[in-house]
Every structure is written in C-alpha cells, then in structure tokens.
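Residues: numbered from 1 along the sequence shown.
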Amino acid sequence: EYIQTISGRKIAKSSVDDFIQSSMESKNIPGISYAIVNEGRVFHHKLKGHAFREKGLKVSQETIFVACSMSKSEFGFFVSPFVDEGLLDLDTPVHQYMPQPDPDISHDIRYKKITARMLLSHMAGFPNERENEADGKLKIYFDPGTSFKYSGEGYRYLGAVLIHLLDTDHAGLEAEFQKRVARPLGMTHTVFIENDYTRQRKAEPYVPEGRVDWRNSYFYKKDIGVVSGASSLHSEPLDFSKWMIGIMNNEILTKERYTELLKAQAPFGIANYTLGFYENKTPLGRMYGHGGNSIGFTSWFSIQKEKKWGVVLFNNSEFGQDLGMLLTLYLTLGVAFWWYYLMIGVLLVSIISLLVYGLRHGLLRKVVHDTLVKTRFKMYIFVALMLIGMVAVVGFTPIPLNTYGALSITLALLVGAIAFGLWVFSSGKELIAQWPQLGALQKGGHIFHQAVFMGFIALLIYCVIIGFTL
C-alpha cells in the first residue's frame, strides 16, 4: 500500500516504516507511535518499540505520551470559542478581565497592555519558564506586542484568565475542554489533567543516559492537577489525529475563528507563529504544526489543511521532534533524504563553478581586482567570509535539517571554499598579480579546469559525508 504525499507522489508504507525503524535504531529511541492522515482520514498508523523498556512493555494503541509544547496548538484552539461567545476579546487587555496580575509583575505597569492575542502569539514579553530566570520570577522583557519571545508562561497566564472569567478552577477548565473540544471530536483519551486511565498507560521517558525518574521531576509535579496550555496535554496519535481532522473539516469553530487562529501574528525565523501554531509557507501550500520537547518526551505534528493531509508522532526519547520534522519532509517531497542533500550540494558546487567560470572569462575581473588586489585580502579573510556564508545557508535553509544534515552541508561547503581559496591564492597568485591584463586570464585555462575538478572532488566528498550521516 502507498501513502500520498502533498506533492502528489506515492510512497510505500513499508518505506516509511523502514525509515522510522532505522532512525529508532540509530538514535536508540525506545518507543514510538505515529499516524499519517491522507484525504481527511488516518491512512497509516504504526506502533514500534517499548513504552517501558526495562519491563519489556511494548508501545500499544493505548500507550499515552506527553504532547509537551504541542499543547499550545490545542489550547489556542480551545480558547477560540470563548471569543465567539463574547466572553473573551483577543485585543482587550486581559487585566480588564483579571484585575489582579501575577504578583511577580504587579510592579511593572506594562502588564496592563497585555492581550490574549499577545499571550497566544508569544508577544507578551514573558520568558519561557520563570524557573529558568536568575531570580525565579516572571518578568516582562519588552513592551508587549512589539517583539517575539517564545513563552510557555504566556499560555499559563491566559489559563489563569480563563479560570477567573469562568469562575472555576483547573478541574473546571479541564471539564470545559472535554465538553467543548474532546467529546465533540471523539477524543476519549486526550487530557490536560491526567486521570487514572492516562497515568496507568503512560510511557516511561528516556534520555541517552537511561530512564527518567519523571515522578520526582519538578516540572512534572508543577503540572499535576493543572491545565497548562503550554505543556500538560497527554494523548496518543489516533486520538490526536481526530483533532487534526477536525481542523481539516472546519469542525467546532466558525470560519472567522479559523481564519484568526491560523493567521500569522509574528515572524519566527523562516516561519511565522499564529495563535498556537507554526506556519510555514511552501510551494505546496501553507503547513501548520508544532513540536514538543521535554525531558524524555518529544513530539511533532504537521497539517496541510486544504489537502487534508497530516502527520503526528509521539515518542519517549529526546529525538522525536527532529524525527517528526524529517518525516514531514519525507512525506512532503516524496524523496529520500540523500537526494535532498545531494541536490543542495550540486547547487552549491554549481554556484562555485559558475563563479570560477566568471573569473575565467573576466566577467568578475573588476570586482575581484578591487577587493583582492587593491585591498590585499589574504586567504584567511576570504575563507572567513565563506564560512559566514555557510552559516547563513545552513541557518536559513527553509526546510528542516537534522544535525547530521546541517553538518554534512557545512563540511561540503568548507571543502569547496578551501578548494576555491587555494586556487585563487596559490595556483592563481600570478594571475591575480596580472589581473588588469585579460591575456593573463586566457593563459590560465589549466587553472580553471583544476578549479572545476576540485569542485567536483568537493561534491564527491560531500556525497560520502551524507552517506555516513543520514
């Protein structure tokens, strides 16, 4: 059987499963559960590995994982109906709903500017976790609404506002989530506050050093009995995918709410952040999703709403978020990763070759003469500039790269930069000295061929690198 990619290509289910299996083995991932949605239905669901390795307990359809920061997307969705009901306005300062602010920021008058929109889009100025601050207190880093700073505290703050508005407690807020979102979508085991069912079936978390004692973890204890829109959601792929499919089918929320929920609010690197989702604009349409990362649990989901396509992955290791991004890339393009990196390598080597060609034919004579001869740049300066370019390419590549992929590109570019630099500053030093004379260029034909040869040697090394790292 085959899975349909967004690009229209088909990938064998066995190929996807083999990719996941090899990734689990290379990263020592204990257990994983993932689901792929095609045409608005779960088309493929797979369970692999152990929920509790030491006891030999396998991951099953009932195994519950922590969604971590994927909670933010579902919480943003949960908040939306309150806007339609007139209980909450996204652009009204929340102090008008909850006059008494968090004691940590009561001295900072800027808290009166903070709105629900800012809290959901990480523009309130809060840190991610107050416990990570030097003094352990919540603070406002900039004028609310003027910049972006990823903040779990913002989601917790909005949760406190909702509790105040509804005149309830965390248990009451959980009941509202079940009534408004979970039950209408048929989600039977997705909760913000753990219950007996989820506790008994929860996977054990692992880091490379071994199993995590999560029951004695400060951050686990912090979320006990609490609806934390930032991190406390518990679920599994089949249940979570019901919510994803609900979004694809425009369920629960009005058209206006969906437009607002998924509208870009703040830039975040090469992506945008909406009211709980990352938005990536691609030639194949807008992709929405989020990752999740805590000690021993990581997760990832991504959806393409118009094509009713999506993927969700939970696991009990530190590597699920990276794996989820790569799986999404694989399922988007429908090509093996080594082809992707090879295409980037060919493109980069081609650019270097074209540059050499321009030098060979004098097209860049004036530019190179002015920068290399008149200012007497030395080789280490040239290579330093190339390294800066490499960092920019790897840092701003608009497709997720894992550490090994980024490293392979960096090393390949380094080889190409050194090869080109050696040609310019060693074999071509006499050519540089005579640069104003075009005749010297014509005498340097063998140097041009040598440079191209070095470029393709760099490409060969590049291919070897990605072969060992992917």
Side-chain angles (χ1 to χ4, degrees), residues 3-6 13 16 20 32-47 61 63-81 120 177-178 180-192 229 233-255 257-263 271 273-280 282 284-292 298-315 320-321 323-332 400:
I3 297 168
Q4 186 87 11
T5 69
I6 297 179
K13 290 182 178 180
V16 175
I20 294 292
I32 196 166
S33 181
Y34 56 97
I36 298 168
V37 177
N38 271 186
E39 298 178 349
R41 65 184 181 91
V42 175
F43 193 75
H44 186 53
H45 175 228
K46 202 73 174 180
L47 312 162
Q61 193 166 311
T63 301
I64 299 296
F65 296 87
V66 183
C68 314
S69 285
M70 278 166 44
S71 306
K72 295 179 176 70
S73 303
E74 198 134 344
F75 188 77
F77 184 92
F78 167 54
V79 169
S80 295
L120 289 171
F177 169 74
Q178 294 297 322
R180 294 168 177 269
V181 178
R183 283 199 294 272
L185 293 175
M187 302 167 71
T188 54
H189 305 305
T190 297
V191 297
F192 277 100
L233 192 74
H234 288 64
S235 190
E236 51 84 18
L238 285 182
D239 225 35
F240 194 89
S241 63
K242 293 175 182 177
W243 172 72
M244 294 166 57
I245 294 168
I247 292 177
M248 297 172 191
N249 293 331
N250 296 312
E251 296 182 43
I252 297 182
L253 306 185
T254 62
K255 182 179 180 180
R257 281 306 109 224
Y258 271 113
T259 299
E260 199 69 42
L261 179 69
L262 301 176
K263 184 170 68 176
Y273 204 89
T274 73
L275 300 181
F277 298 74
Y278 288 109
E279 176 204 49
N280 284 285
T282 76
L284 301 173
R286 283 178 168 85
M287 303 282 289
Y288 299 96
H290 215 294
T298 46
S299 54
W300 174 265
F301 86 92
S302 184
I303 61 174
Q304 212 293 331
K305 190 172 183 293
E306 288 73 22
K307 296 186 178 181
K308 298 188 175 183
W309 179 97
V311 58
V312 57
L313 179 150
F314 289 93
N315 85 129
Q321 187 167 310
L323 180 55
M325 287 191 288
L326 286 171
L327 178 59
T328 300
L329 173 62
Y330 184 29
L331 294 172
T332 300

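Every salt bridge (charged side-chain N to carboxylate O under 4.0 Å, His left out) that Glu260 has, sequence neighbours left out, goes to Arg117, Lys263. Glu306 meets the side chain to side chain contact (heavy atoms under 4.5 Å, CB included) test with Gln304; sequence neighbours excluded. Here Ile252 pairs with Phe77, Pro184, Leu185 under the side chain to side chain contact (heavy atoms under 4.5 Å, CB included) rule; sequence neighbours left out. Residues satisfying the salt bridge (charged side-chain N to carboxylate O under 4.0 Å, His left out) criterion with Lys305, sequence neighbours excluded, are absent altogether. Annotation: side chain to side chain donor-acceptor pair (under 3.5 Å) contacts of Ser241 (sequence neighbours excluded): none. A search for ring pair (Phe, Tyr, Trp, His ring centres under 6.0 Å) contacts involving Tyr288 returns nothing, not counting sequence neighbours. In terms of the ring pair (Phe, Tyr, Trp, His ring centres under 6.0 Å) criterion, residue partners of His290 (sequence neighbours excluded) are, by chain and number, Tyr273, Tyr278. Under the ring pair (Phe, Tyr, Trp, His ring centres under 6.0 Å) criterion, Tyr34 pairs with no residue, sequence neighbours left out. Checked against side chain to side chain contact (heavy atoms under 4.5 Å, CB included), Ser33 has the following partners two or more places apart in sequence or in another chain: His45, Leu47, Val59, Phe65, Pro237. Every residue meeting the side chain to side chain contact (heavy atoms under 4.5 Å, CB included) condition with Thr188, not counting sequence neighbours, appears here in chain and number order: Asp239. Take Arg183 and apply the salt bridge (charged side-chain N to carboxylate O under 4.0 Å, His left out) test, not counting sequence neighbours, and it matches no residue. Here His189 pairs with Tyr197 under the ring pair (Phe, Tyr, Trp, His ring centres under 6.0 Å) rule; sequence neighbours left out.
Side-chain atoms of Asn315 and Thr298, non-hydrogen and from C-beta on, do get closer than 4.5 Å to each other. A heavy-atom distance below 4.5 Å is found between the side chains of Met70 and Val312. Between Leu275 and Val79 there is no side-chain heavy-atom pair separated by less than 4.5 Å. When side chains are defined from C-beta on, Ile247 counts as touching Tyr258, because their heavy atoms get closer than 4.5 Å.
For the residue pair Thr190 / Trp243, no side-chain donor-acceptor distance below 3.5 Å is found, with atom types taken as modelled.
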From CA spacing to verdict: side chain to side chain contact (heavy atoms under 4.5 Å, CB included), Trp309, Phe43: CA-CA 10 Å; Trp309 179 97; Phe43 193 75; over 6 Å; no
Check step by step if side chain to side chain contact (heavy atoms under 4.5 Å, CB included) holds for Leu327 and Val16. CA-CA 8 Å; Leu327 178 59; Val16 175; 3.8 Å; yes
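Under a 3.5 Å cut-off, the side chain of Lys308 and the backbone N or O of Met248 do not form any donor-acceptor pair.
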